[in-house]
Amino acid sequence: MRGIAHDRSLRTAWDSFEREVLEYLRALIRLDTTNPPGNERIATDFLAARLGAEGIASVVLEKQPTRANLVARLKGAGGLPPLMLSSHTDVVPVEPKRWTRPAFGAELADGCVWGRGAIDMKSKGAMDLGLMLALARAGVVLNRDIIMAAVADEEAGSELGSRFLVEHHPDLVRAGWVLNEAGGFTLHLGGRRYYPIQVAEKGYVTVKMTVSGPPGHGSIPRSDSAIATLAELVARISRTPMRTRVTPLMKRTLDQLGIEVHNAPPLFRAMMANTVAPTIMRAGYKDNVIPGEASVVLDGRTLPGETPESLLAELREIVGPEPALEVLKTAPPAEGSADTPLFRLIAHHVEAADPGARAIAWMLPGATDSKFYAQLGATCYGFAPVRIGPRMPYGALYHGNDERIPVDGFLWGLRLYTEIVLSFLGLPFGQVFS
Ligand SMILES: [Zn+2]
């Protein structure tokens, strides 16, 4: 598929590459792919046009109209397991009134690019696009296929995106290695800098819990109503921690960070147990009627090694035999190895790019597309590198107001990401960039 570009064999000047990729980021932010409704097709149209203009064919697939997924591939000669560069093109909704700048304006201000998706995760999508183009221009021989996947619907559970591709078009996205979101940022902790590389993520088990009780007139209260029982159970769930289980990966991460299991902060506690969080409660329909039924949706998350059944069993111990538990949706946890050539390559380059900092393996309490690609046998790492200063409220920018990415930190990440990918493809930097 390298066709035209192969004959040109042009190296890309690094300086202009930085400007090019920054403009891809801004162009992607300006495309409003808020999910719901998604409308990711406007992003895949943009990507397909840029790739196509330089001779890279892409496949665009939709499970539902406008919910487009794009996959492109540069063929390698070496026969090693393919490397897939993975991103999602959808973003979460914004509350415009709470933003300092337009959420889809991609303004450059205060040293940052502002807009929804600046961090999660159009920045990495822009890097992936730039790298594919630079490789095609250079007309180089790759030691393995490199795949770019830019998919829909990650922010709503991946049903129309990675999960759809994995279940219905596995040959397109089967890779040995995947580089995806949720890692590679600067974590400032105890006066030191760390770069978490995600190697594991939790699964989810969404459960609806329903209780019944005698209905009645609101003028005659009773303590055994469905609402009272449910409130009691929800309070009990929130008060009762689930069993702590420290996986070997987390043991290593906590040791590296100098955190002790018994006084780990909440983020880390969520990496050491199954969890259940009440998120939606429903009961009642009239102000003077005591309803006979009340329900709550529980967002359950499972550690690697756990199953929906094991989470339900643990939940039963807390709520007892009475309430009805109905599983609404599930996805499995995933865990890769941190003992691989690619992980070591990433860690080596990260620590060279920010002297004194340390790369660490870690687990995401949430979910990404990686869990689905991992089902096809890929080792997936969350690595979307960006250097962040200690005063930047990085965690709050994920899905938060005023999402933005520092330009210098983004370009630092672009250089690091490029060096790692080229090295893994067996290419000297100077063969692709000048
Ligand atoms: Zn994301």
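Just so you know, ligand 1 is whichever comes first in the structure, and atom 1 is the first atom listed for that ligand. Heads up: numbering here begins at 1 and tracks the sequence.
- Ring centroid separation for the pair Phe424 and Trp177 comes in under the 6.0 Å cut-off.
- Asp120 contributes atom OD1 as its closest N/O/S atom to the Zn ion (ligand 1).
- Residues His88 and Asp120 have side chains that bring a donor and an acceptor to within less than 3.5 angstrom of each other.
- Using a cut-off of 2.8 Å, one finds that Glu155 contributes no N/O/S atom close to the Zn ion (ligand 1).
- Side-chain contact annotation: Thr247 with Glu335, donor-acceptor N/O pair under 3.5 Å absent.
- Between the OE1 atom of Glu181 and the NE2 atom of His88, the angle taken at the Zn ion (ligand 1) works out to 110° after rounding to 10°.
- Residues meeting the salt bridge (charged side-chain N to carboxylate O under 4.0 Å, His left out) test with Arg193, sequence neighbours left out: Asp354.
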